[in-house]
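Encoded as structure tokens, the structure appears first; notes follow it.
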Amino acid sequence: MLGDVSLSAGAWGYRQDMMQSAIASAERPLRVGVVGVGVMGSNHARVFAGLPGTELIGVADPDRKQAEFVARTLGCVAVSDVSELLDRDVDAITIAAPTHLHRDIALSCIARGVHVLVEKPIASSVEEGREIIGAARRAGVTLMVGHVERFNPAVEAIKDAIHGEDILSIAITRVGPFPPRMSNVGVVIDLAVHDIDLIRWFTDSDIIEVQPQLSSAVAEREDIALLQFRTASGVLAHINTNWLTPFKARNVTVATRGKYVTGDLLTRQVTECFGFQPDGSYSMRHLSVGHAEPLRSEMLAFLRAVRSGVAPAVTGEEAVASLEIATRCLSSRPTAVVPAQRKGPRAVVG
Ligand SMILES: NC(=O)c1ccc[n+]([C@@H]2O[C@H](COP(=O)([O-])OP(=O)(O)OC[C@H]3O[C@@H](n4cnc5c(N)ncnc54)[C@H](O)[C@@H]3O)[C@@H](O)[C@H]2O)c1
């Protein structure tokens, strides 16, 4: 099972107290901030600024120009460091600084009793991710991780379509051009971690076998990955991801015993084939898909968890489990098959 979080009696009592105080203060706007306002964080700040019941207090980024630009646009303060934001008495913070900083920034927020939404991947390593989980649990604060693809309406439609079905296989393609900003991670940690999370979420099962094939065609780190998995529930899954495709594509296909569901996560078209007949005929229909902005839905889910004290939609445990699989893909070296020894040219007998 995914995200199986057990709470001790003490922690449960604390959680209940927290729920009571959260309910009591439900009328008060939540004071929120964003740490790291580059590409992703500036979107977090934009969404926060437009949410009801939320007051965007400030954004923190050592890049003063960028922080001030975002703050000026959205009408909040710009500071250069998370500690300055914490001094402004915020209730919740989203962390969209570079991944290698997630652990330290999250721990400093949690130490001040502030709820955190950490961008994916949760941290640079499984150990660091577990440190964040442990600290959040001890402090009794909400920790959610930004696996935003779960809130894509096309993904939600696929999840609904396969509900109660016997899933057989999943294939996901997530390809595109090389990112304009050089990152210190390859495609597996940057992109495939989204789809590892989706495979675990669609199947409600853990991945127990990984068979990765990686290559670095242009970048220093892997920029092509073909990853195969088997889940504990017996589903076979495949991820095809790279930074070498001139256009972006994000497609999901799920085969179940009774259905074949395909979804385009960019155009948000989801189609299912069903009613297979012995003569090869079948029925097909386009499913209705919502229009909500995934990031807005994710942040609303985070705020609901903060206000209610219930487990968030994407827990730290789930995020660490996905990061662990991504890390295994990088560390497991597929066994090389030694090519059969070539026979020399056959002697021609005259
Ligand atoms: N969920 C998604 O689909 C998605 C998409 C893109 C990025 N991300 C994640 O978001 C995070 C940021 O990625 P990005 O693409 O926005 O990067 P980015 O480089 O555009 O932005 C990072 C920002 O953090 C700032 N920063 C650096 N050190 C800081 C510090 N000590 N305190 C506060 N801010 C600091 C930088 O100045 C920069 O403005 C990464 O963890 C990445 O994996 C998630």
Side-chain angles (χ1 to χ4, degrees), residues 33-47 58-71 73-74 76-88 90 93-109 114 116-125 128-129 132 144-152 154-155 172 174-198 201 221 241 243 248 250 265-266 293-299 301-302 313-314 316 318-320 322-323 326-327:
V34 179
V35 180
V37 279
V39 173
M40 203 60 201
S42 53
N43 280 301
H44 280 241
R46 168 184 57 79
V47 171
V59 295
D61 198 307
D63 180 341
R64 286 298 299 182
K65 226 171 124 189
Q66 175 67 3
E68 273 161 18
F69 168 72
V70 174
T73 310
L74 300 173
C76 66
V77 299
V79 295
S80 53
D81 182 61
V82 62
S83 61
E84 294 175 65
L85 201 50
L86 291 168
D87 287 343
R88 289 175 183 264
V90 287
I93 274 183
T94 74
I95 300 170
T99 303
H100 68 276
L101 301 173
H102 287 185
R103 188 259 312 258
D104 288 354
I105 295 174
L107 293 184
S108 56
C109 295
V114 170
V116 284
L117 169 63
V118 184
E119 257 306 337
K120 71 88 219 159
I122 181 170
S124 291
S125 69
E128 290 189 0
I132 300 175
M144 179 164 149
V145 181
H147 280 282
V148 69
E149 205 69 292
R150 286 216 206 162
F151 300 89
N152 183 325
V155 168
I172 305 183
R174 185 179 297 270
V175 296
F178 207 79
R181 292 157 294 113
M182 272 303 288
S183 157
N184 57 354
V185 293
V187 274
V188 171
I189 299 290
D190 196 48
L191 296 186
V193 78
H194 281 292
D195 304 312
I196 292 169
D197 177 68
L198 289 186
W201 189 57
R221 292 171 194 267
T241 187
W243 277 327
K248 258 187 171 186
R250 274 102 176 93
L265 306 190
L266 297 179
E293 180 187 358
L295 186 61
R296 188 171 192 275
S297 305
E298 173 190 294
M299 292 173 77
F302 170 60
V314 185
E318 290 172 282
V320 162
S322 294
L323 178 60
T327 309

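Remember, it's 1-based here, ligands and their atoms both numbered in the order they're listed. By convention here, the first residue in the shown sequence is residue 1.
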Legend entry - Among His194, Lys120, Arg250, Arg174, the one residue meeting side chain to side chain donor-acceptor pair (under 3.5 Å) with Glu149: Arg174
Legend entry - Shortest heavy-atom approach to atom 32 (N) of ligand 1 - which of Pro62, Ser124, Gly41: Pro62
Legend entry - Nearest neighbour of atom 11 (C) of ligand 1 from the list Gly36, Ala123, Ala97, on a heavy-atom basis: Ala97
Report the nearest protein non-hydrogen atom to [atom]: residue, atom name, distance rounded to 0.1 Å.
{"atom": "atom 17 (O) of ligand 1", "value": "Arg181 NH1, 3.4 Å"}
{"atom": "atom 27 (C) of ligand 1", "value": "Pro98 CD, 3.5 Å"}
{"atom": "atom 41 (O) of ligand 1", "value": "Thr99 OG1, 2.8 Å"}
{"atom": "atom 39 (O) of ligand 1", "value": "Asp61 OD2, 2.6 Å"}
{"atom": "atom 21 (O) of ligand 1", "value": "Gly38 CA, 3.3 Å"}
{"atom": "atom 42 (C) of ligand 1", "value": "Lys120 O, 3.6 Å"}
{"atom": "atom 5 (C) of ligand 1", "value": "Met40 SD, 3.5 Å"}
{"atom": "atom 20 (O) of ligand 1", "value": "Val39 N, 2.9 Å"}

How long is the gap from [atom1] on [X] to [atom2] on [Y], to the nearest 0.5 Å?
{"X": "Ile172", "Y": "Leu191", "atom1": "CD1", "atom2": "CG", "result": "12.0 Å"}
{"X": "Met144", "Y": "Glu119", "atom1": "CE", "atom2": "CD", "result": "10.0 Å"}
{"X": "Glu298", "Y": "His44", "atom1": "CD", "atom2": "NE2", "result": "5.5 Å"}
{"X": "His147", "Y": "Glu318", "atom1": "NE2", "atom2": "CD", "result": "8.5 Å"}
{"X": "Ile132", "Y": "Ile95", "atom1": "CD1", "atom2": "CD1", "result": "7.0 Å"}
{"X": "Asp195", "Y": "Leu265", "atom1": "CG", "atom2": "CG", "result": "8.0 Å"}

Inset, instruction - Kindly confirm or rule out an N or O of Ser80 lying under 3.5 angstrom from an N or O of ligand 1. - result: no
Atoms in ligand 1 flagged as close to [X], the criterion being non-hydrogen separation under 4.0 Å:
{"X": "Pro121", "result": "43 (O)"}
{"X": "Asp63", "result": "37 (O)"}
{"X": "Gly146", "result": "1 (N)"}
{"X": "Ala60", "result": "33 (C), 34 (N)"}
{"X": "Leu101", "result": "28 (N), 29 (C), 30 (C), 31 (N)"}
{"X": "Val35", "result": "32 (N), 33 (C)"}
{"X": "Val148", "result": "1 (N), 3 (O)"}

Legend entry - Arg64 atom CZ, neighbour heavy-atom count above 12 within 6.0 Å: yes
Legend entry - contact_flag His102 ligand 1 heavy-atom lt 4.0 Å: yes
Inset, instruction - Please confirm whether His194 comes under 4.0 Å of ligand 1, counting heavy atoms of the residue only. - result: yes
[X] and [Y]: which non-hydrogen atoms are nearest, and at how many Å?
{"X": "Val59", "Y": "Ala67", "result": "CG2-O, 3.6 Å"}
{"X": "Ala97", "Y": "Ile105", "result": "CB-CD1, 3.7 Å"}
{"X": "Ile122", "Y": "Gly129", "result": "CD1-O, 4.0 Å"}
{"X": "Trp201", "Y": "Val155", "result": "CZ3-CG1, 3.6 Å"}

